[in-house]
Amino acid sequence: MAMIQSRGTRVALAGVLALAGCDEAPCAGPCPSTDAASPPRDVPAAPVDRGLPEVPAEGLFGAGFTDITSNIEQERPFSIPAARPGMDANDDVFALLGDVDHEAGDELVLVHWQGGRPFFNPPPAPTAVYRYDPSARRFNRVPSIRLPDMPPLAGTLDLDGDGVTDLLALDRAQAVAWGQGRGAYAAPAPLDATPQDWGAASRINAYALDDIDGDGWLDLLVGAECCQLPCRDLHAYFRTGPRTFDERQDLVDIERSSKPYAVFSGTFASGDKVLLSVGWSCVDPTDAPVFYHQDGGDSAGMPRFRPFDPVPSRAFFRGDQVGSPSIAFNSPMAVCADDLDNDGRLDLAFSLNPYHQLFRGTATWPFEDVTAAAGVPTTLADSGRAMIPWGTVFVDLDRDTRLDWIIAHGNDGGAWFDVPERFIGPQFVGAYWNAGGLRFTPVTDALHLGRRGQYRTVLLRDFDGDADPDLAIGGQLELPRLYRNDIENGNRGLALRLHGTTSNHLGVGAWLTVWIDEAQGPLRRYVGGVSNPYIVSDPLVFLGLGRADRVARLQVAWPSGTVQELRDLRAGSTHEVTEPATVVVEPSGRHLPADGRSVATLRVTPRNLDGTLRTDAAVELSLSGPGTLSPPTRDAAGWSARVTAPSTPGASTVVTVRIGGRSLTVRPRIWWD
């Protein structure tokens with residue numbers, strides 16, 4: 001039996017499982033602003049091929065979103081400079097959510113990244129912790145929760161899969177404080193015990209989560225500001241133990257660097273694992289790589305990545321009325337990815353300056369550019385100037401089963417210094433309703449998201465436990481805005497949180513196939529397709545079901561290659577879905593002495609469609625690396641095999657498992673110390 005846990009209840013459902021298959025010279029003196037080569041912000045958008053879809057009927061969004069920030073504003077948890085043109089400070093205040101006291105439920109953590117901070121070794125960033133009060137329907141300060149003194153926090157999430165929240169910060173010297181339970185944390189430390197040289201610049205701007213090397217453990221992709229060569233903008237940290245990571249600079253071929261505002265890792269329909277450095281190059285803005293795809297591997301089975309360009313030659317930003325030479329020239333600031341048209345392929349949206357760039361996923365490269373046809377290539381501020389997009393997400397706002405689009409807009413550094421006739425002024429969060437056919441129309445006012453200000457980050461969460469998406473919008477020179485979802489239109493939805501076992505513990509990279517009704521075609525959703533500047537969060541998937549009160553059938557295609565099928569998931573709940581383990585390595589830490597005697601045990605459990613042990617499945621195992629593998633043997637619980645350690649330390653071994661002639665796509669690694 002596979003187990004699903006709904007908020008407040010625990011329900012056992014029958015599980016059906018199957019196997020699825022920089023060479024330029026450094027700057028002289030201070031480097032130029034990253035905005036120096038950005039395109040003019042009042043460039044008119046290229047004409048749209050088709051008119052905007054009709055605005056949805058009144059009442060489709062009910063009461064929209066309700067801003068519940070007022071009491072936090074009254075408390076003034078931080079001293080933030082007043083915004084004005086020509087100022088030289090750009091304080092950011094981020095909103096994070098996570099169980100930071102290691103008890104039940106998430107807390108809201110506001111993080112003040114202060115302007116004028118030192119570039120290196122920044123001082124601790126002030127934080128303020130709040131908890132949602134369902135009776136008052138607002139967040140209240142919890143002064144008893146005190147977090148460790150750290151640089152600005154980027155994430156409050158479980159990094160190592162032990163069920164306890166950890167703290168991730170925007171500084172490599174104090175990057176992580178491991179959670180110890182009961183609200184306690186270890187002293188902040190680097191991710192890598194032996195940090196490598198990052199060159200002249202090393203400030204972290206972004207993180208992304210993924211199992212980059214396919215060993216079943218969650219890795220980290222790190223984006224670091226890189227304006228003074230030599231330096232690197234993209235850093236891959238591979239998990240090598242329960243709480244250890246190893247940075248491998250040799251695995252990402254970087255010739256030209258940039259200043260990434262966000263980073264991303266995902267697998268596209270071509271089968272390519274792709275890394276993105278989402279930023280503008282202050283060294284060479286006309287030719288900085290943004291995309292890297294896997295191109296072979298090293299002798300130890302680790303993937304190598306090389307730059308490539310999957311963007312069509314006549315992309316929107318290269319059009320006659322825009323004329324940018326590369327996507328990096330438009331200062332990309334965030335990305336989101338999901339399947340907008342239910343074809344099983346990832347579609348990808350970029351926040352460019354000032355464009356909302358949308359690519360449709362294709363079976364092979366390049367992408368198809370659908371920006372103009374989507375209908376919302378730019379959004380204008382009250383000044384008539386195009387606003388600057390930052391954080392972006394796809395989410396089904398009205399629960400009609402189609403993914404809508406939210407984009408935060410706000411100043412970059414240079415926009416505060418623009419001459420008066422070019423100053424953009426106050427901006428807002430744009431909401432765009434999906435009318436089908438990859439066409440969108442603005443619905444910001446109907447959702448009550450049009451408060452003027454300066455915004456950068458978007459965080460989707462469920463504040464009030466009703467399984468619909470609430471919003472936390474990070475502010476620049478102002479507090480974040482917290483929006484409770486009060487959209488009531490008769491449609492229903494649910495939320496899903498995945499827990500991987502053979503796959504990475506957050507289920508990043510999983511695909512969901514959802515049959516609301518067996519007679520209808522399925523919906524497809526991707527897990528982990530959001531990359532915003534400065535913040536990172538564990539994925540929570542929201543599904544709109546239309547008028548249905550439940551999902552008839554759900555398939556989870558885990559990154560391991562296992563497909564799990566569940567039935568009859570009710571609306572209005574958050575369902576915790578755990579992957580039934582297919583491969584287990586003992587010891588779980590995967591490190592053994594290289595003494596010629598120590599033994600790692602591999603347990604493999606193939607399953608029938610009803611979740612029971614599949615006794616007729618042929619199980620094969622093979623090793624890549626040192627060690628001796630015993631033939632697998634079968635018992636009542638499945639199959640097991642033993643790997644005996646080599647006598648020479650320093651190497652690792654990759655295990656490939658084949659069930660019924662098909663290889664799992666996760667290959668566990670064992671280290672010999």
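Nothing fancy with the numbering, it's 1 onward along the sequence. What you are looking at is a predicted structure, and each value in this text was computed from that prediction instead of being measured.
- For D538 and R461, the salt-bridge test passes: some basic side-chain N is under 4.0 Å from an acidic carboxylate O.
- Annotation: side-chain hydrogen bond (donor to acceptor under 3.5 Å, both in side chains) contacts of Q196 (sequence neighbours excluded): none.
- E103 pairs by the salt bridge (charged side-chain N to carboxylate O under 4.0 Å, His left out) definition with nothing, not counting sequence neighbours.
- For D149, there are no salt bridge (charged side-chain N to carboxylate O under 4.0 Å, His left out) partners two or more places apart in sequence or in a different chain.
- Scanning for ring-ring contact (aromatic ring centres under 6.0 Å, His included) contacts around H448 gives an empty result, with sequence neighbours left out.
- Looking at residues two or more places apart in sequence or on another chain, you find a salt bridge (charged side-chain N to carboxylate O under 4.0 Å, His left out) between R451 and E73, E478.
- Scanning for ring-ring contact (aromatic ring centres under 6.0 Å, His included) contacts around H293 gives F308, with sequence neighbours left out.
- Scanning for side-chain hydrogen bond (donor to acceptor under 3.5 Å, both in side chains) contacts around R306 gives D253, D295, with sequence neighbours left out.
- Of the N and O atoms on the side chains of D233 and S258, at least one donor lies less than 3.5 Å from an acceptor on the other residue.
- Residues that satisfy the side-chain hydrogen bond (donor to acceptor under 3.5 Å, both in side chains) test with Q180, not counting sequence neighbours, are absent from this structure.
- Shown here are the salt bridge (charged side-chain N to carboxylate O under 4.0 Å, His left out) partners of D470, two or more places apart in sequence or in another chain: there are none.
- For the side-chain contact (heavy atoms from CB on, under 4.5 Å) test, residues two or more places apart in sequence or in another chain that qualify with P195 are R172, P190.
- There is no side-chain donor-acceptor pair under 3.5 Å between T66 and R137.
- Closest approach of L108 and A95 over heavy atoms only: CD1-CB, 4.0 Å.
- Screening L157, V100, L159 for a side chain to side chain contact (heavy atoms under 4.5 Å, CB included) with D166, the sole residue that qualifies is L159.
- Remark: the backbone N or O of G410 is paired with a side-chain donor or acceptor of W390 at under 3.5 angstrom.
- One side chain, S265 or D210, offers a donor N or O that lies under 3.5 Å from an acceptor on the other.
- Counting only N and O atoms by type, the side chains of R456 and Y534 include a donor and acceptor under 3.5 Å apart.
- Residues that satisfy the ring-ring contact (aromatic ring centres under 6.0 Å, His included) test with F394, not counting sequence neighbours, are W405.
- Here H235 pairs with W198 under the ring-ring contact (aromatic ring centres under 6.0 Å, His included) rule; sequence neighbours left out.
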